[in-house]
Amino acid sequence: MLKEATTHKTRIRAISQLHRGDEIEARLSVGPAYDDVVIRRGRVQETAPGIGVVWIMDHASGVRKAINTDECSVWRVA
């Protein structure tokens, strides 16, 4: 039986910790009894720490998307 590859995920608390090319997930909290839901996943293209926004190239749609860190949590996927 083959072992599945595990990915290590680290929560990013400051946008300054991100760099162009980092693989990230944006998660939205849906309630106290549920785990966070992944709403976007992609590679960082640009950051704007002053306004709390990260732009990624979204894997699902192939389109550039903005992530507002005031609305969701950001996790680095390694």
Side-chain angles (χ1 to χ4, degrees):
M1 186 168 173
L2 294 175
K3 225 179 185 181
E4 284 188 35
T6 58
T7 56
H8 180 72
K9 298 174 184 178
T10 307
R11 184 162 184 182
I12 302 300
R13 300 209 182 262
I15 294 177
S16 60
Q17 296 174 325
L18 292 174
H19 304 288
R20 182 183 299 254
D22 285 349
E23 182 82 20
I24 65 168
E25 290 179 348
R27 298 180 185 180
L28 187 61
S29 182
V30 292
Y34 300 97
D35 291 335
D36 292 348
V37 175
V38 176
I39 57 170
R40 300 263 186 257
R41 185 172 184 168
R43 293 203 183 274
V44 173
Q45 289 195 318
E46 191 175 348
T47 63
I51 60 172
V53 176
V54 177
W55 286 271
I56 65 167
M57 184 59 69
D58 186 57
H59 288 319
S61 65
V63 177
R64 181 176 156 122
K65 298 284 184 173
I67 297 170
N68 185 330
T69 59
D70 290 335
E71 297 172 357
C72 58
S73 61
V74 176
W75 296 73
R76 180 181 287 122
V77 180

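Sequence positions, counted from 1, serve as the residue numbers for this chain.
With contacts defined as side-chain heavy-atom distances shorter than 4.5 Å, the pair Arg43/Gln45 does not qualify. Between Arg64 and Glu46, the closest side-chain pair of non-hydrogen atoms falls below 4.5 Å.
His8 meets the side-chain hydrogen bond (donor to acceptor under 3.5 Å, both in side chains) test with Thr10; sequence neighbours excluded. Not counting sequence neighbours, the partners of Arg76 by the salt bridge (charged side-chain N to carboxylate O under 4.0 Å, His left out) test are Asp22.
The two residues Leu28 and Ile39 come nearest to each other via the heavy atoms CB-CG2, 3.9 Å. Shown here for Ile67 and Ala26, the closest heavy-atom pair between the two residues is CD1-CB, 3.7 Å. Between Gly42 and Ile56, the shortest heavy-atom contact is N-CD1, 3.8 Å. Heavy atoms only, all atoms of each residue included: Thr7 and Lys9 are closest at OG1-CE, 3.4 Å.
Once rounded to the nearest 0.5 Å, the distance linking CZ of Arg41 with CG of Asp58 reads 11.0 Å. In this structure, Leu18 CG and Thr69 OG1 are separated by 9.5 Å, a value rounded to the nearest 0.5 Å. For the atom pair CD of Glu25 and CG of Asp36, the computed distance is 10.5 Å after rounding to the nearest 0.5 Å.
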(message) Applying side chain to side chain contact (heavy atoms under 4.5 Å, CB included) to His59 and Glu23, what does each step give before you reach the verdict?
(response) CA-CA 10 Å; His59 288 319; Glu23 182 82 20; 2.6 Å; yes
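Under the 4.5 Å side-chain contact rule for hydrophobic residues, Val74 and Ile15 share a cluster.
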